[in-house]
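Beneath this line is the structure, given in structure tokens, with notes to follow.
We use all heavy atoms of the structure for the numbers below, so side chains are in, but hydrogens, waters and symmetry mates are not.
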Amino acid sequence: MKPFRAILLPGSVLPAGPAYDGLLEALGPDADAIAKDLELYAGDAPPPGWTLDTEADGVLREADARGWDTFHLVGYSGGGAAALALAASHPGRLRSLALLEPAWAGNWDWSPAHAELWKEYSKLDGLPPEQFMAGFMRLGVRPGVELRPQPGPPLPWMAKRPAGITAFLRTFGTYQLDRDRLAAFRKPVLFVLGGLSNPDDYGEIADRLSTVFPDFRLEVFPDRHHFDPPHRVEPDRVAGLLRGHWERAEAAG
């Protein structure tokens, strides 16, 4: 069997390399996989007019450059939202979709708790960088979950992150993710969820998407959360899930 062709999109904080190095190593020769950085961070500031479509277009350019007509797509957090946009706009290019706690999944059928949470996210806009990042991370986990401070001084790329996260939050308010087009996506969809992540955020998204995608599987890691994610902390298990997910997609044709 040929190696699985896959593109992995990171979230809005870590670059693709540190986000996925462990997972790529665990996948080994079974995967011809590329961890692709977000278009959002190609320059010193978010590109003018940037939206989720900018990220989707970047993925397609990467695939085209490699001569891949179809491929498996994996997206975490903001990259998961971009992966959903690509699944809606170009479903024929994807052999499967894996969502690692996507940061957003459309503006339809929100629960009251999810709507209240997004009011809290909106309050982050304009805060100083340290307060912004602390507030952003706190909203992503269950109450009482301890968030460990990052050791050492901030890395240079962190300076771009508040503006990048803000760009994501703003485009989520206006982007039109087509529910009907997602419902027509019949390839396998795997959703990986941390049990310590905020259930009004990522748990709610998992519940909603389970009613949209015809072929949807949820895998829960009880001891993980959005900033201690399974693909980084338990890469061997996630690699096994992805291989099984991709094998089923390939068998279905």
Checking [X] side chain against [Y] main chain: does a donor-acceptor pair fall under 3.5 Å?
X	Y	result
Arg93	Asp69	yes
Asn198	Leu139	yes
Asn107	Gln176	no
Thr171	Ala167	no
Glu146	Gly144	no

Looking only at heavy atoms, what is the nearest atom pair of [X] and [Y], with distance?
X	Y	result
Leu177	Gly106	CD2-N, 3.6 Å
Ala103	Trp118	O-CZ2, 3.6 Å
Pro235	Ala26	O-CB, 3.7 Å
Ile205	Ala105	CG2-CB, 3.6 Å
Arg138	Arg142	NH1-O, 4.2 Å
His225	Val145	CD2-CG1, 3.6 Å

Report the distance from atom [atom1] of [X] to atom [atom2] of [Y], rounding to the nearest 0.5 Å.
X	Y	atom1	atom2	value
Arg148	Met137	CZ	CE	11.5 Å
Thr166	Phe136	OG1	CZ	9.5 Å
Asp57	Ser89	CG	OG	7.5 Å
Leu190	Ser96	CG	OG	8.5 Å
Trp246	Leu241	CH2	CG	11.0 Å
Leu60	Leu73	CG	CG	9.0 Å

Is there a donor-acceptor contact under 3.5 Å linking the side chains of [X] and [Y]?
X	Y	answer
Glu204	Trp110	no
Asp53	Tyr175	yes
Ser197	His226	no

Does [X] reach the side chain of [Y], with side-chain heavy atoms less than 4.5 Å apart?
X	Y	value
Leu24	Leu8	yes
His72	His245	no
Gln131	Leu124	no
Glu116	Asp200	no
Leu23	Leu242	yes
Val189	Leu209	no
Leu9	Lys36	yes

Inset, instruction - Please find out if less than 6.0 Å separates the ring center of Phe168 from that of Trp50. - result: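 Yes, ring centres under 6.0 Å apart.
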
Inset, instruction - Give a yes/no verdict on a cation-pi contact between Arg161 and Tyr41, requiring under 6.0 Å between NZ or CZ and the six-membered ring centre and an angle within 45° of the axis. - result: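 Yes, a cation-pi geometry.
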
Inset, instruction - Taking the six-membered ring of Trp68 (Phe, Tyr or Trp), confirm whether the NZ or CZ of Arg95 is under 6.0 Å from its centre and within 45° of its axis. - result: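 Not satisfied by the 6.0 Å and 45° rule.
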
Inset, instruction - Begin from the C-alpha positions of Lys187 and Asp215 and carry the test side-chain contact (heavy atoms from CB on, under 4.5 Å) through to its verdict. - result: CA-CA 7 Å; Lys187 305 294 178 60; Asp215 187 345; over 6 Å; no

Legend entry - His114 vs Asp201, side-chain contact (heavy atoms from CB on, under 4.5 Å): CA-CA, chis, key distance, verdict: CA-CA 6 Å; His114 193 72; Asp201 196 344; 3.8 Å; yes

Legend entry - Residues Arg243 and Asp30 bridged, charged N to O under 4.0 Å: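 Salt bridge flag = yes for Asp30 with Arg243.
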
Inset, instruction - Look at Asp125 together with Arg170 and state whether they make a salt bridge at an N to O cut-off of under 4.0 Å. - result: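 A salt bridge is present here (some side-chain N lies under 4.0 Å from a carboxylate O).
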
Inset, instruction - Could you please spell out the steps behind the side-chain contact (heavy atoms from CB on, under 4.5 Å) verdict for Glu219 and Arg237? - result: CA-CA 11 Å; Glu219 193 74 25; Arg237 181 180 168 194; 3.1 Å; yes

Shared hydrophobic cluster, [X] / [Y] (ILVMFWY, side-chain heavy atoms < 4.5 Å):
X	Y	value
Leu84	Phe216	yes
Leu97	Phe4	no
Leu169	Leu14	yes
Tyr76	Phe221	yes
Val74	Tyr202	no

Inset, instruction - Run the numbers on Glu39 and Arg61 for salt bridge (charged side-chain N to carboxylate O under 4.0 Å, His left out), then give the verdict. - result: CA-CA 11 Å; Glu39 301 291 317; Arg61 284 196 301 273; 3.2 Å; yes

Legend entry - Reference residue Val192; test side-chain contact (heavy atoms from CB on, under 4.5 Å); the match among Val220, Leu99, Leu218, Leu100: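 Going through Val220, Leu99, Leu218, Leu100 one by one, the side-chain contact (heavy atoms from CB on, under 4.5 Å) with Val192 is satisfied by Leu100 alone.
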
Inset, instruction - Kindly assign one of parallel, tilted or perpendicular to the pair Phe185 and Phe213, based on the angle between their ring planes and the thresholds 30° and 60°. - result: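 The arrangement is perpendicular - the two ring planes meet at more than 60°.
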
Inset, instruction - May I ask you to check whether over 12 heavy atoms, not counting those of Arg186, lie within 6.0 Å of atom CZ? - result: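 Open.
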
Inset, instruction - For the pair Asp32 and Arg66, evaluate side-chain contact (heavy atoms from CB on, under 4.5 Å) and give the outcome as yes or no after the intermediate values. - result: CA-CA 11 Å; Asp32 181 5; Arg66 292 170 173 266; 4.2 Å; yes

